Amino acid sequence: MGESVTVDALLRDPTTAEVTEGLERNPGSARLADRGWQPLWFEVRVAVGDQHDHEFIHSLVWREPGRPAREVAEEELGHTLDEVLRNLRDAEGYDVWPEDVEEPMLRVDVA
């Protein structure tokens with residue numbers, strides 16, 4: 001086991017600017033909006049040991065009609081944590097693994 005890892009994640013309604021930026025970065029996402037999918041903003045702050053905000057990841061994600069927002073948040077958190085932990089090990093030399101993650105704080109604030 002490596003160092004203690006704390007995670008604070010939030011899924012919320014995006015601002016207009018965040019949606020605009022997300023569509024500019026990935027124009028293909030417009031087809032999801034055309035199909036009635038809801039844009040959401042997902043962000044994760046990860047700290048290793050006693051450091052604060054060691055990694056901050058954010059992105060525009062899309063929720064298909066009828067899918068629970070919490071389910072989207074949990075799926076995004078899983079993908080994001082895999083990537084963040086790999087980056088912390090490979091690029092920054094931290095000995096961190098999934099079992100080092102304390103119970104993640106996952107908040108869902110979607111209208």
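FYI, the numbering just counts along the sequence from 1. Everything quoted here is computed from the prediction, not taken from an experiment.
Classification of E75 and R70 as a salt-bridged pair fails, no side-chain N sitting under 4.0 Å from a carboxylate O. A salt bridge links R12 with E18; the closest basic N to acidic carboxylate O contact falls under 4.0 Å.
A distance of 11.0 Å separates CG of L106 from CD of E76, quoted to the nearest 0.5 Å. Expressed to the nearest 0.5 Å, how far CZ of R107 lies from CG of L10 amounts to 5.0 Å. Separation of atoms CD (E71) and CG (L11) is listed at 12.0 Å; rounding is to 0.5 Å. Within the model, atoms OG1 of T15 and CD of E21 stand 8.5 Å from one another, a figure rounded to the nearest 0.5 Å. From D100, atom CG reaches atom CG of L88 across 10.5 Å, with rounding to the nearest 0.5 Å. Summarising the geometry, atom CH2 belonging to W62 is positioned 15.0 Å from atom CZ belonging to R67; distances are rounded to the nearest 0.5 Å.
For the residue pair W41/E43, the side-chain donor-acceptor check at 3.5 Å is satisfied.
Under the 4.5 Å side-chain contact rule for hydrophobic residues, V7 and V108 share a cluster. Cluster membership for V72 and W37, using ILVMFWY side-chain heavy atoms within less than 4.5 angstrom, is not shared. A single hydrophobic cluster is not seen to contain both L32 and V61; linkage of ILVMFWY side chains at heavy-atom distances under 4.5 Å, directly or through other members, places them apart. Taken together through direct or relayed side-chain contacts under 4.5 Å among Ile, Leu, Val, Met, Phe, Trp and Tyr, L60 and L77 form parts of separate hydrophobic clusters.
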Task: Intermediate values then yes/no, side-chain contact (heavy atoms from CB on, under 4.5 Å), V44 and E55 - done: CA-CA 8 Å; V44 179; E55 293 285 324; over 6 Å; no

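A donor-acceptor contact shorter than 3.5 Å links the side chain of R89 to the backbone of V96. When atom types are taken as modelled, the side chain of D13 and the backbone of A111 share a donor-acceptor pair closer than 3.5 angstrom. The main-chain N or O of D90 is never found under 3.5 Å from a side-chain atom of R86 such that the two would form a donor-acceptor pair. Listed for the D82 side chain is no donor-acceptor partner under 3.5 Å among the backbone atoms of H79.
Of all the heavy atoms in I57 and V84, the pair that sits closest is CG1-CG2, 3.6 Å. The two atoms that bring F42 and A73 nearest to each other are CE1-O, 3.8 Å, heavy atoms only. Taking each heavy atom of P14 and P39 in turn, the nearest pair found is CD-O, 3.2 Å. Contact between P65 and G36 at its shortest, heavy atoms only, is CG-O, 3.6 Å.
Within 6.0 Å of CZ on R35 lie more than 12 heavy atoms contributed by other residues, nucleotides or ligands.
Using a 4.5 Å cut-off on side-chain heavy atoms (C-beta onward), V5 and V46 make contact.
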